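Structure first, then comments.
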Amino acid sequence: MELVMPDFRMIFEDHGSGLPLLLIHGFPLNRQIWRSQIEGLSESAHVIAPDLRGHGETPPTEGISSMDLLADDCLVVLDALGIDRPVVVCGLSMGGYVTLAFHRRHHDRAAGLILVSTRAGADSAEAKANRDRLASQVKDEGTQAAVSAMLPKMLSPKTYGSNPDLVKQVEEIMNRTSPEGIVAALMGMKERPDSTPFLDQISVPTLIIHGADDQIIPTGEAEIMHAAIKNSRLEIIPDAGHLPNMEQPMLFNHVVLDFLADL
Ligand code: MLT
């Protein structure tokens with residue numbers, strides 16, 4: 001579906017009915033990462049999955065894609081669909097940063113959170129410098145620079161051997177991100193605030209999912225969030241890296257359905 005915003009058109013998936021489940025992709029990815037969730041979860045929930053600005057089929061816009069801006073874009077989609085009841089917000093990695101921003105800004109609209117392969121902390125000085133380096137490479141060389149830097153770390157080391165089709169699929173998804181979208185998101189992630197002090201204010205049920213072999217965000221970050229969020233449960237998915245929803249879709253969906261059933 002397509003939503004005409006004042007300065008751009010936002011593309012999103014909208015399937016099923018019942019409890020709304022907003023799926024927010026990571027960087028530099030798009031809504032296609034949720035294919036198995038759209039198939040497997042839309043019989044039990046109303047699944048909404050946008051392409052964030054500059055990702056997938058949603059074009060880039062001027063300026064930085066702050067996590068707050070991306071969270072507000074998601075709210076505009078919910079409003080456009082007439083969804084005024086609280087939703088379960090599920091974000092992967094950068095989508096998790098957006099989920100935390102969504103909760104901070106619109107907590108009355110969240111019925112639950114699912115934080116996948118993400119962290120609460122802000123970027124370290126080293127991480128900020130890496131963002132700047134990658135942004136200037138992408139400006140010079142295009143999207144391929146980000147794909148080359150990130151593809152070797154996206155999945156579990158085992159997945160590269162066992163599932164070459166998935167590796168190709170992830171590469172194709174990343175290749176669809178525009179250079180402008182990549183730079184805007186890198187700058188947005190670089191400036192995002194530390195959400196750790198807010199974790200103890202999260203009172204909605206929260207499911208934290210992390211791949212045991214995540215090479216981008218260590219599982220320790222999931223443990224930190226689990227310890228700080230009162231009403232949280234932690235699921236570590238074996239044989240999965242940064243994209244457990246794609247690497248172990250059956251188990252991922254099972255864990256999410258279990259969580260939704262308890263809400
Ligand atoms: C993501 O997968 O969204 C990014 O790797 C997150 C990040 O770079 O911090």
Side-chain angles (χ1 to χ4, degrees), residues 11-13 15-16 21-45 47 49-52 55-57 90-99 114-119 134 138 142-178 181-182 185 207-223 234-260:
I11 308 298
F12 61 97
E13 301 287 333
H15 302 274
L21 173 65
L22 173 65
L23 301 176
I24 310 176
H25 64 75
F27 164 89
L29 303 164
N30 63 55
R31 70 190 198 281
Q32 302 296 341
I33 69 160
W34 300 117
R35 204 175 299 162
S36 298
Q37 284 64 53
I38 290 167
E39 275 170 27
L41 303 176
S42 59
E43 279 176 20
S44 314
V47 180
D51 274 352
L52 299 173
H55 293 75
E57 293 181 82
C90 169
L92 182 142
S93 199
M94 179 181 78
Y97 311 154
V98 176
T99 300
I114 306 179
L115 298 167
V116 187
S117 311
T118 195
R119 56 155 53 98
L134 184 56
V138 169
T143 296
Q144 188 52 46
V147 177
S148 308
M150 295 193 66
L151 187 61
K153 295 185 286 189
M154 274 286 182
L155 304 165
S156 162
K158 291 170 205 146
T159 306
Y160 292 94
S162 65
N163 198 344
D165 286 350
L166 179 59
V167 182
K168 202 153 174 277
Q169 199 185 325
V170 173
E171 182 175 13
E172 282 168 9
I173 289 173
M174 292 170 102
N175 266 319
R176 261 176 246 140
T177 317
S178 62
I182 291 178
L207 170 63
I208 298 161
I209 305 179
H210 217 92
D213 307 331
D214 193 326
Q215 305 185 71
I216 293 183
I217 299 185
T219 50
E221 298 288 347
E223 282 155 12
L234 171 62
E235 294 283 351
I236 303 288
I237 307 283
D239 297 332
H242 198 53
L243 303 178
N245 60 312
M246 298 182 87
E247 296 175 78
Q248 300 298 338
M250 304 277 274
L251 181 53
F252 185 95
N253 287 358
H254 175 76
V255 163
V256 170
L257 284 172
D258 235 35
F259 174 72
L260 297 180

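As the structure is a prediction and not an experimental result, all values here were calculated from the model.
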* Structure fact -> Rounding to 0.5 Å, atoms SG (Cys90) and CZ (Phe259) come to a distance of 9.5 Å
* State, with a plain yes or no, whether a side-chain heavy atom of Leu23 is found less than 4.5 Å away from one of Gln37. => yes
* Heavy-atom distance under 4.5 Å between the side chains of Val255 and Asn253, does that happen here? -> no
* To do: Mind telling me whether Phe27 and His55 have parallel, tilted or perpendicular rings, with 30° and 60° as the class edges?
  => perpendicular
* Examine distances only and state if a side-chain atom of His25 and a backbone atom of Leu52 form a donor-acceptor pair shorter than 3.5 Å. => yes
* Asked: Between Ile173 and Met246, is any pair of side-chain heavy atoms under 4.5 Å apart?
  -> yes
* For Glu172, enumerate each residue passing the side-chain contact (heavy atoms from CB on, under 4.5 Å) test, keeping only those at least two apart in sequence or located in another chain. => Lys168, Arg176
* Are Gln248 and Pro238 close enough that some pair of their side-chain heavy atoms sits under 4.5 Å apart? -> no
* Structure fact -> Sorted by chain and residue number, the side chain to side chain donor-acceptor pair (under 3.5 Å) partners of Thr177 (sequence neighbours excluded) come out as none
* Asked: Can you name the residues that form a side chain to side chain donor-acceptor pair (under 3.5 Å) with Glu247, not counting sequence neighbours?
  -> Thr159
* Structure fact -> Those residues at least two apart in sequence (or on a different chain) that pass side-chain contact (heavy atoms from CB on, under 4.5 Å) with Gln144 are Val147, Ser148, Asn175
* Asked: Are any of the side-chain heavy atoms of Leu21 and Ile114 separated by less than 4.5 Å?
  -> yes
* To do: Taking Asp51 for its side chain and Ile11 for its backbone only, find out whether a donor-acceptor pair lies under 3.5 Å.
  => no
* Nearest heavy atoms of Ala146 and Leu134, plus distance in Å -> CA-CD1, 3.9 Å
* Hey, are the side chains of Val167 and Asn163 touching, using non-hydrogen atoms and a 4.5 Å cut-off? -> no
* Structure fact -> Nearest heavy-atom contact between Thr143 and Ser178 is OG1-C, 3.7 Å
* Asked: His210: what forms a ring-ring contact (aromatic ring centres under 6.0 Å, His included) with it, not counting sequence neighbours?
  -> none
* Does Gln215 have any side chain to side chain donor-acceptor pair (under 3.5 Å) partners at least two apart in sequence or in another chain, and if so, which? -> none
* Structure fact -> Exactly one candidate in Ile24, Leu92, Leu22 meets side-chain contact (heavy atoms from CB on, under 4.5 Å) with Val98; the answer is Ile24
* For residues Leu260 and Ala45, report the shortest heavy-atom separation together with the two atoms involved. => CD1-CB, 4.2 Å
* Structure fact -> Hits for salt bridge (Lys or Arg N to Asp or Glu O under 4.0 Å) against Glu171, two or more places apart or cross-chain, chain-then-number order -> none
* When you measure from the side chain of Ser42 to the backbone N and O of His15, does any donor-acceptor pair fall under 3.5 Å? -> no
* Between the side chain of Ser117 and the main-chain N/O of His242, is any donor-acceptor distance below 3.5 Å? -> yes
* **Test item: Val47 and Trp34 side chains (from C-beta on) under 4.5 Å apart, heavy atoms** => no
* Asked: For Thr118, what residues pass the side chain to side chain donor-acceptor pair (under 3.5 Å) criterion, not counting sequence neighbours?
  -> none
* To do: To the nearest 0.5 angstrom, please state how far the CD1 atom of Ile237 sits from the CD1 atom of Ile209.
  => 5.5 Å
* To do: Please identify each residue that fulfils side-chain contact (heavy atoms from CB on, under 4.5 Å) with Asp258, with sequence neighbours left out.
  => Arg233
* Asked: What is the distance from atom CD1 of Ile208 to atom CZ of Arg119, rounded to the nearest 0.5 Å?
  -> 14.0 Å
* To do: Using modelled atom types only, decide if a donor and an acceptor are shared between the side chain of Tyr160 and the backbone of Leu155 within a distance under 3.5 Å.
  => yes
* Please list, chain by chain and in numerical order, all residues satisfying side-chain contact (heavy atoms from CB on, under 4.5 Å) with Ser44, sequence neighbours excluded. => Leu257
* Structure fact -> Here the gap from Asn30 atom CG to Glu13 atom CD, rounded to the nearest 0.5 Å, amounts to 9.5 Å
* Residues which pass salt bridge (Lys or Arg N to Asp or Glu O under 4.0 Å) with Glu235, listed by chain and number, not counting sequence neighbours -> none
* Flag side-chain contact, heavy atom, 4.5 Å: Leu243 against Met154 -> yes
* With sequence neighbours excluded, residues passing salt bridge (Lys or Arg N to Asp or Glu O under 4.0 Å) with Lys158 -> Asp213, Asp239
* **Trace of the side-chain contact (heavy atoms from CB on, under 4.5 Å) decision for Glu57 with Arg31** => CA-CA 9 Å; Glu57 293 181 82; Arg31 70 190 198 281; 2.9 Å; yes
* Structure fact -> In short, Leu234 meets Ile236 closest at the heavy-atom pair CD1-CD1, 4.0 Å
